[in-house]
Amino acid sequence: MRPAPTILHLDMDAFYASAEQAAKPSLRGKAVVVGGLGPRGVVATASYEARRLGVHSAMPTAQARRLAPNAAYLVPRFSLYRTVSDQVMELLGRLSPLVEPLSLDEAFVDLEAGGTADDSASARATGEGLRAAIRAVTGLSGSVGLAGSKMLAKIASEEAKPDGLLLIEPGTERELLAPMSVRILPGVGPATGDHLRRAGMTTVHDLAEAGEAELVRLVGKAHGHGLHRMALGLDDRPVVAERDAKSVSVEDTFDVDLHDRVRVRAEVERLAVRCVERLRAADRSGRTVVLKVRRYDFSTLTRSETLRGPTDDPTVVREAAARLLESVDTTGGVRLLGVGVTGLADYTQEDLFAQAADARELAQRDRELAQRDREHHAPAAEEPAPEPEADTAEQLAARRWPAGHDVHHEEHGHGWVQGSGIGRVTVRFEEPWSAPGRVLTFRIDDPLLRPADPLPLVRESPDYSSWPASLPKSRSSGAAASEGGESSP
């Protein structure tokens with residue numbers, strides 16, 4: 001534990017949904033839900049207006065529609081979110097060389113390592129300056145927690161939401177934590193929380209009073225020791241600038257189970273290429289290819305193949321994934337497919353072309369042997385392979401014109417898709433800095449309409465090249481915070 005609250009935790013407020021509201025003037029102040037829109041879709045983020053109606057992350061989209069039938073349901077635009085995230089992370093990097101990103105919208109910052117704070121007053125001023133800079137550069141709000149440890153800084157930012165700042169003064173940790181639910185502590189999920197509740201422990205104060213020996217008896221030695229320390233507000237974990245990824249993977253859940261073996265293979269190969277794109281974007285290569293298949297009955301199978309060396313070759317990964325698929329029975333239908341690469345390295349093996357050739361030769365020999373076996377045993381000529389299942393016009397339209405995504409019309413300019421169906425696509429024409437725009441409907445094959453890239457959320461971003469030195473450290477060093485959600489125990 002540090003004697004000063006110089007660890008900062010930033011958590012952007014309802015990030016995906018807030019970015020969509022900032023980009024679409026007609027949705028500001030309204031319920032917005034971002035996630036998968038198919039029958040098996042899941043909510044990624046809900047705006048605070050939607051949360052007040054009971055919608056939350058990880059909820060099935062079908063359930064969200066029942067709770068908030070009039071909300072705007074949008075497909076995620078990760079290219080926009082990554083751009084905004086890069087802007088935010090660049091600002092954090094100006095505060096300290098020790099920035100630990102947890103996701104696109106969340107990170108820890110060691111202010112002491114950057115020399116930007118060494119006591120409560122300077123830490124608060126830095127946090128307030130950061131929030132102002134983020135709003136100026138991105139148009140979005142973020143909540144900030146400041147404390148002497150990572151655990152408490154994260155708890156503080158959660159308590160400060162939305163759009164607030166909370167600083168926990170060293171020495172007040174136990175008093176602050178005592179009345180909180182045990183679920184506030186890292187590692188206490190629903191199962192552990194329920195187990196502790198049955199033992200009569202529902203608050204952090206209960207855990208602290210129970211003592212380490214009792215917690216070890218209830219949840220085991222390693223977890224019990226850590227749980228007791230956290231209940232006392234103790235956390236010595238440092239901010240780590242680089243978190244090594246252990247794997248890279250992509251997966252898709254299908255609205256309708258896939259039964260056609262040809263279609264399943266095509267989807268696996270498509271996922272393998274996407275996986276390699278992510279691998280290369282991270283400047284990594286990997287040695288083990290992993291295939292994940294969730295079948296119609298929710299049973300999940302994984303298969304893996306370890307290569308002779310690390311690779312970022314799409315052909316090698318695609319063919320390895322296809323070979324793994326051969327060992328999986330998909331006759332009952334497939335609801336989810338995933339391809340991943342583990343055993344990551346910063347280099348690629350020299351003989352990967354030979355490796356790919358060896359893999360192709362091996363696969364060809366397997367096919368020839370299988371063909372001979374079929375010819376030997378088959379009583380009659382084989383039927384031709386079935387054609388892949390064709391997508392319906394509605395599925396094609398939904399893929400080409402996802403709800404919420406950007407479009408450009410040669411006559412009407414920039415807009416976004418409100419929805420598509422029955423051969424039509426409905427577009428609202430507006431920009432982040434315009435007034436709410438008008439709505440027009442077009443044929444899905446209109447030659448004047450095309451997909452477009454997202455526009456920046458702020459038309460003219462201010463120059464923060466000399467930030468944070470150019471900003472005042474504090475509005476009033478000893479003044480109590482006055483903005484919504486800001487407080488200090």
Side-chain angles (χ1 to χ4, degrees), residues 11-21 23-24 27 30-82 84-85 102-106 158 161-162 183 189-191 193 247-258 264 267-268 270-271 274-275 278 290-302 333-340 391 394-395 397-399 401-405 416-421:
D11 196 355
M12 300 295 288
D13 299 320
F15 183 46
Y16 297 173
S18 294
E20 296 298 346
Q21 289 176 316
K24 301 171 172 64
L27 296 185
K30 298 181 180 178
V32 174
V33 179
V34 180
L37 304 189
R40 295 171 179 165
V42 175
V43 174
T45 308
S47 69
Y48 286 99
E49 295 85 355
R51 294 181 190 190
R52 286 195 284 270
L53 300 174
V55 180
H56 58 77
S57 301
M59 171 183 285
T61 303
Q63 182 181 353
R65 288 187 186 276
R66 290 192 292 270
L67 294 170
N70 297 320
Y73 288 85
L74 309 176
V75 175
R77 294 187 296 161
F78 288 107
S79 61
L80 170 64
Y81 311 148
R82 289 192 189 97
V84 177
S85 176
L102 303 179
S103 62
L104 288 176
D105 63 333
E106 185 180 2
E158 187 63 33
K161 281 184 168 292
R183 292 289 305 279
S247 65
V248 173
S249 63
V250 294
E251 60 182 45
D252 271 349
T253 300
F254 305 101
D255 294 341
V256 179
D257 289 349
L258 302 184
V264 172
E267 292 292 343
V268 166
R270 181 179 61 83
L271 288 168
R274 281 176 52 196
C275 181
R278 289 193 181 182
V290 180
L291 174 70
K292 177 180 177 181
V293 180
R294 180 165 297 149
R295 300 188 291 189
Y296 69 98
D297 58 357
F298 287 90
S299 61
T300 302
L301 304 176
T302 57
V334 172
R335 60 186 293 118
L336 177 147
L337 290 169
V339 174
D391 288 321
E394 298 306 312
Q395 290 170 325
R399 261 208 301 274
W401 307 114
H405 280 226
W416 58 277
V417 176
Q418 280 200 330
S420 62

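Positions are given from 1, in the same order as the sequence printed here. Worth saying up front: this structure is predicted, and the values here are computed from it rather than measured.
Legend: side-chain hydrogen bond (donor to acceptor under 3.5 Å, both in side chains) pairs involving residues 34-53, not counting sequence neighbours, sorted by first then second residue: Gln21-Glu49, Arg40-Asp257, Ser47-Glu49. For the salt bridge (Lys or Arg N to Asp or Glu O under 4.0 Å) condition, the pairs that include at least one residue of residues 66-78, sequence neighbours left out, are Glu20-Arg77, Arg77-Asp406.
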**Message:** What verdict does the side-chain contact (heavy atoms from CB on, under 4.5 Å) test give for Val33 and Leu74, after you've listed the backbone C-alpha separation in whole Å, the side-chain angles of each residue and the deciding distance to 0.1 Å?
**Reply:** CA-CA 6 Å; Val33 179; Leu74 309 176; over 6 Å; no
**Request:** Take Val293 and Leu337, measure what side-chain contact (heavy atoms from CB on, under 4.5 Å) needs, and give me the verdict at the end.
**Result:** CA-CA 5 Å; Val293 180; Leu337 290 169; 3.8 Å; yes
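Remark: side-chain polar atoms of Ser249 are not paired, donor with acceptor, to backbone N or O of Val339 under 3.5 angstrom. For the pair His405 (side chain) and Pro76 (backbone), a donor-acceptor distance under 3.5 Å is present. In terms of modelled atom types and a separation under 3.5 Å, the side chain of Lys161 and the main chain of Met12 share a donor-acceptor contact.
Closest approach of Ala72 and Leu27 over heavy atoms only: CB-CD2, 3.8 Å. In plain terms, the two heavy atoms of Leu37 and Tyr73 that are nearest each other are CD1-O, 3.6 Å. Smallest separation of non-hydrogen atoms from Ala46 and Ala17: C-CB, 3.9 Å. Minimum interatomic distance between Thr61 and Val42 (heavy atoms only, all atoms of both residues): OG1-N, 3.3 Å. The shortest heavy-atom contact between Leu104 and Ser85 is O-OG, 2.6 Å. Annotation for Asp13 and Ser18: closest pair O-OG, 2.7 Å, computed over non-hydrogen atoms.
Every salt bridge (charged side-chain N to carboxylate O under 4.0 Å, His left out) that Arg270 has, sequence neighbours left out, goes to Asp252, Glu267. Listed by chain and residue number, Lys292 satisfy the salt bridge (charged side-chain N to carboxylate O under 4.0 Å, His left out) test with Glu251 (two or more places apart in sequence, or in another chain). In this view, Thr300 and Arg294 satisfy the side chain to side chain donor-acceptor pair (under 3.5 Å) rule, not counting sequence neighbours. The side chain to side chain donor-acceptor pair (under 3.5 Å) search around Asn70 returns none, not counting sequence neighbours.
Inter-residue side-chain proximity for Thr302 and Leu291 is flagged as unmet; no heavy-atom pair is nearer than 4.5 Å.
Note on ring orientation: taking the six-membered ring where Trp is involved, the planes of Tyr81 and Tyr16 are parallel (angle under 30°, cut-offs 30° and 60°).
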